[in-house]
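In what follows, chains are A, B, ... by sequence order, proteins preceding strands, each numbered from 1. Here the structure is a predicted model, which means the values were calculated and not measured. We use all heavy atoms of the structure for the numbers below, so side chains are in, but hydrogens, waters and symmetry mates are not.
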Amino acid sequence: MNVVAKTETGRALSDAFAVARDRLPGKGKIADQRRQAFDAYERLGLPHRRIEDWKYTDLRALMREVLPLAPAPDAAALGRAAAAVKLRAIDGVRRLVLVDGAFAADLSDLGNLDKGLTIRPLREVLDAGDGALSTQAIATDVSNPMIALNGAMATDGVVIEVADGTVLVQPLHIVHVASGTAPASMFTRSLLRLGRDAGVTLVESYLAGEGAKAYQAHDGLIVSIGDNARLDHVRLIEDSVDAFNISSATVSLGAHAHFNTFGLTSGGHVSRYQLTVTCAGEGSKVETNGVNLINGTQHADTTLFMDHAVPHCASREIFRAVVDDRAHSVFQGRIIVRPDAQKTDAKMMTRALLLSDDAEADNKPELEIFADDVTCGHGATTGALDESLLFYMRARGLPEKEAQALLIQAFVGEAIESIASDALREVAIATAQRWLEARA
Amino acid sequence: MSLLEVKDLQVRVEEREILHGLSLTVNPGQVHAIMGPNGSGKSTLSHVIAGKPGYEVTGGQILFKGEDLLEMEPNERAAKGVFLAFQYPVEIPGVTTWNFLHAALNAQRKARGEDEISSPAFLKKVREVAKSLNIPQDMLKRGVNVGFSGGEKKRNEILQMALFEPAVCILDEMDSGLDIDALRIAADGVNALRSPERAMVVITHYQRLLNYIVPDVVHVMSKGRVVKSGGKELALELEESGYAQFEDAA
């Protein structure tokens with residue numbers, strides 16, 4: 001029983017939802033789905049440490065309340081967003097920009113879409129009442145309060161469909177920008193459907209415009225990867241260090257499909273990324289890699305649920321956390337191998353590097369294996385930089401911070417190396433480099 | 001002026017005094033050998049000169065070209081021209097030798113107010129040096145010392161010595177773990193770097209190394225002090241009679 005659901009902030013959000021409802025796209029069945037999702041959130045409330053899944057990330061203590069919806073961006077806000085997007089622009093991608101939770105057509109590139117590629121703003125899809133697509137886009141796991149809230153409140157996002165056999169050369173880049181100077185919440189939800197034999201590279205990044213500080217980004221991504229299709233996914237959290245980023249991704253793979261995902265978190269005051277991956281087709285392959293580079297009082301949580309539902313699938317997780325000052329890194333990795341999933345090959349390795357005495361890293365690997373003919377394993381280590389290596393490097397002329405930077409780059413290197421695209425690997429390396437230079 | 005002057009150095013490690021007033025003067029162009037039994041404080045001396053943390057200097061001083069070395073960070077000492085060839089060079093996985101050497105050389109140049117060296121110019125320089133030491137190119141692409149044999153690790157130390165062109169080189173037990181062929185290659189590398197401006201301090205347990213790197217001055221250390229100094233013949237004498245006579249003297 002959740003006796004604290006009706007706190008002051010709980011009531012305020014309830015009112016906010018009532019007010020926001022008219023602004024939320026989708027009528028009829030979609031509106032019913034939202035109502036149910038909001039009711040589920042209200043029953044559960046903001047998650048707290050007594051809920052096992054949220055033990056290390058107590059949103060009641062860290063976030064305290066969910067802020068009201070951000071207003072639609074005005075011209076000045078769009079201008080600040082455009083500047084932020086430009087500063088972190090990635091060459092050669094098709095950019096899709098969401099500003100303060102609204103699709104920004106002027107900042108996005110929807111021209112000359114490849115054959116077999118469809119991109120539409122979520123709002124448009126929901127308003128058009130596109131039955132199956134709308135339902136899938138707003139589908140919500142009501143057992144998870146933050147996913148439920150995201151489903152209830154999502155104002156916009158992008159809906160991407162890639163037809164059977166379509167392999168895109170140009171990566172797609174969804175950029176989430178907060179540009180409002182008054183703290184508010186953004187709720188976005190995106191959907192990516194890859195048909196059979198399709199191939200896509202998707203980059204997602206989270207940025208703050210000038211003056212945007214203690215905002216809350218609530219994002220959700222739903223992905224289905226068709227048989228024999230491949231998705232490469234790179235996620236970069238570069239939010240303001242006062243911001244909250246509560247995101248989830250739910251990915252389902254068909255037979256012989258391949259999902260390679262890499263996430264780097266260097267921004268945000270509190271971030272939580274919940275990734276659920278289901279191997280639903282035999283012979284599918286998943287590589288999940290992540291790096292946290294955090295300092296100050298940052299809190300970054302990656303919670304992975306790897307679901308092996310069918311036989312002959314393989315999954316690999318490599319996670320590296322570099323934690324300085326009083327920052328707190330959390331990695332929870334749960335692998336479930338269901339009774340039918342024979343010949344599963346699942347491995348997970350997490351390592352944390354603590355750069356200060358007050359830094360904290362929590363690793364929680366969980367393996368639940370119900371099949372008897374599988375190869376599964378996990379490992380976790382936590383430690384400081386090796387003093388003997390540091391002295392050797394300093395004795396060769398490298399100042400301490402530079403020596404540390406080289407060792408940190410080497411430490412996160414294995415996870416970054418997993419990015420298939422040379423260009424995007426360079427982007428991740430440059431992002432890590434910025435973090436290292438900022439601490440030097 | 002002397003290049004390196006150690007005066008009445010007293011050093012403690014965790015409440016235990018290891019060096020009890022050690023003095024040593026090294027002039028440009030000289031090769032000094034420091035010999036002594038295990039536990040006499042030879043490696044402690046090399047570590048304190050390079051600035052390894054964990055040693056407490058309780059008395060005395062170390063001057064390098066007249067400057068107080070003990071006031072400097074290890075990286076400042078390196079940039080000034082002090083080089084320690086490690087007894088056990090560490091392995092640094094994930095940091096390529098090439099990248100490490102380039103970063104270190106540029107850090108030293110930057111500290112001296114010199115321009116950084118570009119990648120192509122560095123590549124050319126390091127290739128030349130590597131070739132002269134019989135170091136294959138692919139070793140430079142591997143992680144620093146990762147998977148290197150004992151001989152390769154020592155050659156990598158000498159490669160760095162050649163690249164950084166230090167004024168004083170401290171070679172800490174360079175012969176440990178080397179077979180006779182590897183020892184000869186390493187010693188040839190060191191001898192090639194002998195010059196009228198550069199000094200070397202060769203720390204060794206055995207006389208063997210000094211057949212290949214012939215010293216100008218030999219010091220015998222025992223129980224944290226230099227107990228005898230002499231010419232190269234002193235090393236041969238030690239080989240005959242052992243260290244026992246000096247342990248009493250200390």
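Judged purely by distance below 3.5 Å, without hydrogens or angles, the side chains of A:Asp301 and A:His328 never pair a donor atom with an acceptor atom. Between the side chains of A:Ser356 and A:Asp358, no donor N or O sits under 3.5 Å from an acceptor N or O. Using modelled atom types, one finds no donor on one side chain facing an acceptor on the other under 3.5 Å when comparing A:Glu366 with A:His378.
The interface of residues 407-418 of chain A with chain B, defined by heavy-atom distances below 4.5 Å, comprises A:Leu407, A:Ala410.
Side-chain contact between B:Ile213 and B:Asn191 is present, with at least one heavy-atom pair separated by less than 4.5 Å.
Relative to the six-membered ring of A:Tyr273, A:Arg235 meets both conditions, a distance below 6.0 Å and an angle of at most 45° to the axis.
B:Ala50 touches chain A through backbone and side chain together, each having a heavy atom under 4.5 Å away. Heavy-atom distances place the backbone of B:Glu91, and not its side chain, under 4.5 Å from chain A.
Proximity of a side-chain donor or acceptor of A:Gln298 to a complementary backbone N or O of A:Gly268 within less than 3.5 Å is detected.
A perpendicular orientation is assigned to the rings of A:Phe391 and B:His47, their planes being inclined by more than 60° (bins at 30° and 60°).
Looking only at heavy-atom pairs under 4.5 Å with chain B, the residue among A:Leu398, A:Leu389, A:Asp386, A:Leu390 that has the most is A:Leu398. Per-residue heavy-atom pair counts under 4.5 Å with chain A were compared for B:Thr96, B:Ile92, B:Asn106, B:Leu101, and the maximum is reached by B:Ile92.
B:Lys141 NZ: 12 or fewer foreign heavy atoms inside a 6.0 Å radius.
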